[in-house]
Asker: 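Let me give you the structure first, and then I'll get to my questions.
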Amino acid sequence: MIEVLSVASEAYPLIKTGGLADVTGALPGALSPLGVSMRTLLPGYPVVTDKLNGGGRTVAEFDDLFDGPAKLVAARINGLEILLIDAPHLYARPGNPYLGPDGLDWPDNWRRFAALGWVASQLGHGLLDDYQPQIIQAHDWQAGLLPAYMKYGPATDVKTVMTVHNIAFKGFFGSEIFPQLRLPPAAFAVGGVEFYGGISYLKSGMECADFVTTVSPNYAEEIRTPAFGMGLEGLLNGRAETVTGILNGIDIDTWDSAIDPELKQTYSANTLHLRQVNKRALAERFQLDGVDGPLFCVISRFTGQKGMDLLAQVVDGVVGLGARFCLLGSGEPHLEAGFAAAAARHPGKVGLVVGYDEGLSHLMQGGADAILVPSRFEPCGLTQLYGLRYGCIPVVSRVGGLADTIIDANPAALDAGVATGIQFDADSAHALYEAARRAVKLYGDEKVWRKMQRRGMKSDVSWEHSADRYAALYGQLLGLARDNDNAAD
Ligand code: ADP
């Protein structure tokens, strides 16, 4: 059994703001049949500590964890082996894990997530008598200091992996925090945590980890270029041999249209006509005036990364093609306002729910005809995978994991019977509009549309292959693959 400690700021179903949580929540289950035991270290946000229900076992205590006392609590919650940092001075705050009530980052986020990386490093350095991880995997900037704490701490055999779910979020702070990070002066260097005169937790992890992974092969290539690397392309090119992209899978038990309790009507690839019941339920929920014609859904953060400004530009045109929209999300106020205005301009045609609603997102995948994902960059993207699995045709920009997972319905792919969706050039409202137009046209050919739906539903979006790749990587890092080769000689 390989012991891996996964260090993250979110894990579904305990705490989720985005795809990161889906991945960290699903990986342990996907890896356990492959001889990998994965525990997850999480901050003790109230929504998570509440789930302990008075259970959990205190396995370590800290008198001073970045300016306050803390406990480390071990528990099994929702099938996940969790180590929870119970540190009220850092995490006992309601709501979003990163933002205060004013919608801005908590000013002490640097401290809150330094503590996460630091506690992980203590576990790596033998904090517990009965638990020793062999590999520690840090997810995104919040866990990004962990590899530096390992690199600048006592010598150890423990290997570190930095997994980048989004290179845009760098965890960048001013250099004045450095004296409080519990790192030696040598760490404030290009080969350590320093980044353009300040400190980037993500860069630090990418610099100091033994291996860097990201969440799709295409994104792993893209971030080696200035357009997508956002200042880290040089670092990545310098260590290209130890960078790889492993595609995210999805939890196919949670996302199973045959048993999904969030659907008004369950269905399978053979009973696609039943999706109409869900479409009607959506029409009611989003106050649409009917279910004729194609219904596009969007389930997204409303941000520029997700291309939501492009979508706002084309809504009128696409409604003009006879389509309807149901939009779920929240984010930048001007985009929320833009979509509210579009809904007001097109009553019965454009419906908007501002907020985060996991259950509704299932109903949308199970009832809408197509899901639009017009991202400018997309490390992997999960909503297009849910779309494939639910027969909700993905209409996606050709970037990152979107390009890796969807086969465009061009004439050759249609002839060959392999198309699963529609792709278009990113960062272009015109290309998005044209893609929507193609979707509307294809929708008009029920036979072709149904075939695409069925094909998508058959595509393998599970964790199986990717979990194999993670397990192989862990084995390689521990020298196990080499030993096996030797044994075979
Ligand atoms: P990102 O992590 O960049 O936001 P992903 O596509 O990787 O994008 O993952 C987004 C996840 O969050 C998916 O599981 C998606 O269904 C979910 N999601 C996004 N916005 C909402 C929302 N408003 N309500 C419910 N689920 C949402």
Side-chain angles (χ1 to χ4, degrees), residues 8-27 96-99 139-142 163-169 214-216 218-219 223 228 245-255 257 260 262-263 282 285-286 297-308 311 325-332 335-336 339 351-368 371-390 392 394-397 399-406 421 426 461 463 466:
S9 58
E10 311 182 11
Y12 180 83
L14 305 178
I15 168 89
K16 169 173 168 177
T17 70
L20 167 67
D22 289 335
V23 175
T24 55
L27 257 183
N96 183 290
Y98 316 117
L99 311 176
H139 294 275
D140 268 354
W141 76 263
Q142 294 89 348
T163 298
V164 180
H165 297 259
N166 193 331
I167 210 163
F169 300 118
T214 185
V215 289
S216 71
N218 190 34
Y219 192 58
I223 56 178
F228 292 92
I246 302 179
L247 206 55
N248 285 336
I250 62 171
D251 182 338
I252 55 173
D253 297 325
T254 306
W255 290 90
S257 65
D260 189 335
E262 305 293 349
L263 298 182
L282 279 183
R285 179 73 195 265
F286 283 90
C297 74
V298 172
I299 304 161
S300 183
R301 292 185 284 121
F302 290 167
T303 64
Q305 179 207 330
K306 298 290 181 182
M308 289 295 116
L311 179 66
F325 282 96
C326 50
L327 312 169
L328 168 64
S330 63
E332 293 167 17
L335 293 171
E336 290 183 9
F339 290 136
L352 170 68
V353 171
V354 174
Y356 190 94
D357 189 332
E358 189 80 23
L360 181 56
S361 78
H362 283 241
L363 182 64
M364 292 167 78
Q365 297 278 13
I371 178 158
L372 283 178
V373 193
S375 307
R376 287 194 165 83
F377 66 95
E378 193 58 78
C380 177
L382 293 175
T383 58
Q384 86 280 12
L385 302 180
Y386 302 138
L388 285 176
R389 180 135 173 93
Y390 273 44
C392 186
V395 180
V396 305
S397 51
V399 288
L402 300 173
D404 277 339
T405 52
I406 303 301
V461 289
W463 270 105
S466 301

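Whatever order the structure lists ligands and atoms in, that order sets their numbers, starting from 1. Bear in mind the structure is a predicted one, so any value in this text is a computation, not a measurement.
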Asker: Using a strict cut-off of 4.0 Å, indicate which atoms of ligand 1 neighbour a heavy atom of Gly329.
Answerer: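 Answer, ordered by atom number: 23 (N).
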Asker: What do you reckon, does Gly19 have a nitrogen or oxygen under 3.5 Å from a nitrogen or oxygen of ligand 1?
Answerer: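 Among all N and O atoms of Gly19, at least one is under 3.5 Å from an N or O of ligand 1.
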Asker: Heavy-atom distance to atom 1 (P) of ligand 1: which of Lys16, His362, Lys306, His165 wins?
Answerer: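 Looking at heavy atoms only, the winner is Lys306.
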Asker: May I ask you to identify the nearest protein heavy atom to atom 6 (O) of ligand 1, giving residue, atom name and distance to one decimal place in Å?
Answerer: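 For atom 6 (O) of ligand 1, the nearest protein heavy atom comes out as Leu382 N, 2.9 Å.
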Asker: Less than 3.5 Å between some nitrogen or oxygen of Gly18 and one of ligand 1, yes or no?
Answerer: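 No; every N/O pair is 3.5 Å or more apart.
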Asker: Over 60° means perpendicular and under 30° means parallel, so tell me whether Tyr98 and Trp141 are parallel, tilted or perpendicular.
Answerer: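 Ring orientation, 0 to 90° scale: tilted.
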Asker: Considering heavy atoms of the protein only, find what lies nearest to atom 16 (O) of ligand 1 and give residue, atom and distance to 0.1 Å.
Answerer: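 The closest one turns out to be Thr383 CG2, 3.7 Å.
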Asker: Which option out of Gly355, Pro379, Ser361 puts a heavy atom nearest to atom 23 (N) of ligand 1?
Answerer: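 It is Gly355 whose heavy atom sits nearest to atom 23 (N) of ligand 1.
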Asker: Under 4.0 angstrom from ligand 1, any heavy atom of Gly381?
Answerer: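 Gly381: in contact with ligand 1 (<4.0 Å).
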Asker: Could you tell me whether the side chains of Tyr12 and Glu10 share a donor-acceptor contact shorter than 3.5 Å?
Answerer: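 No, no side-chain donor-acceptor contact under 3.5 Å.
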Asker: Examine distances only and state if a side-chain atom of Ser257 and a backbone atom of Tyr390 form a donor-acceptor pair shorter than 3.5 Å.
Answerer: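 No, the answer is negative, given that no donor and acceptor are paired below the 3.5 Å cut-off.
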Asker: Could you work out, for atom 18 (N) of ligand 1, the closest of Tyr356, Tyr12, Trp255, Phe302 by heavy-atom distance?
Answerer: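 Minimum heavy-atom distance to atom 18 (N) of ligand 1 goes to Tyr356.
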Asker: Ligand 1 versus Asp22, non-hydrogen atoms closer than 4.0 Å: side chain, backbone, both, neither?
Answerer: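 It is the side chain that touches ligand 1; the backbone stays farther off.
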Asker: Compute whether any side-chain donor of one residue and acceptor of the other, for Gln365 and Asp260, lie under 3.5 angstrom apart.
Answerer: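 No, because no side-chain N or O of Gln365 sits under 3.5 Å from a partner of the opposite role on Asp260.
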Asker: So if I count the atoms of ligand 1 from 1 in the order they appear, which ones are less than 4.0 Å from some heavy atom of Arg301?
Answerer: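 Listed by number with element, the hits are 1 (P), 3 (O), 4 (O).
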Asker: Could you tell me whether a side-chain N or O of Glu336 sits under 3.5 Å from a main-chain N or O of Gly331, the two making a donor and an acceptor?
Answerer: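 Indeed, once roles are kept as given, a pair shorter than 3.5 Å links the two residues.
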Asker: Check Asp357 against ligand 1 and report side chain, backbone, both or neither, counting heavy atoms closer than 4.0 Å.
Answerer: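 Under 4.0 Å from ligand 1, Asp357 contributes backbone atoms alone.
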Asker: Between His165 and His139, what is the ring plane arrangement, given parallel below 30°, perpendicular above 60°, and tilted in between?
Answerer: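 Tilted.
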Asker: Can you tell me if Asn218 uses its side chain to pair, donor with acceptor, with the backbone of Asp404 under 3.5 Å?
Answerer: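 Judged by distance alone, no pair lies under 3.5 Å.
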Asker: Counting N and O atoms only, with roles assigned by atom type, does the side chain of Gln305 sit under 3.5 Å from a partner on the main chain of Glu378, one being a donor and the other an acceptor?
Answerer: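 No, because the side chain of Gln305 does not come within donor-acceptor range (under 3.5 Å) of the backbone of Glu378.
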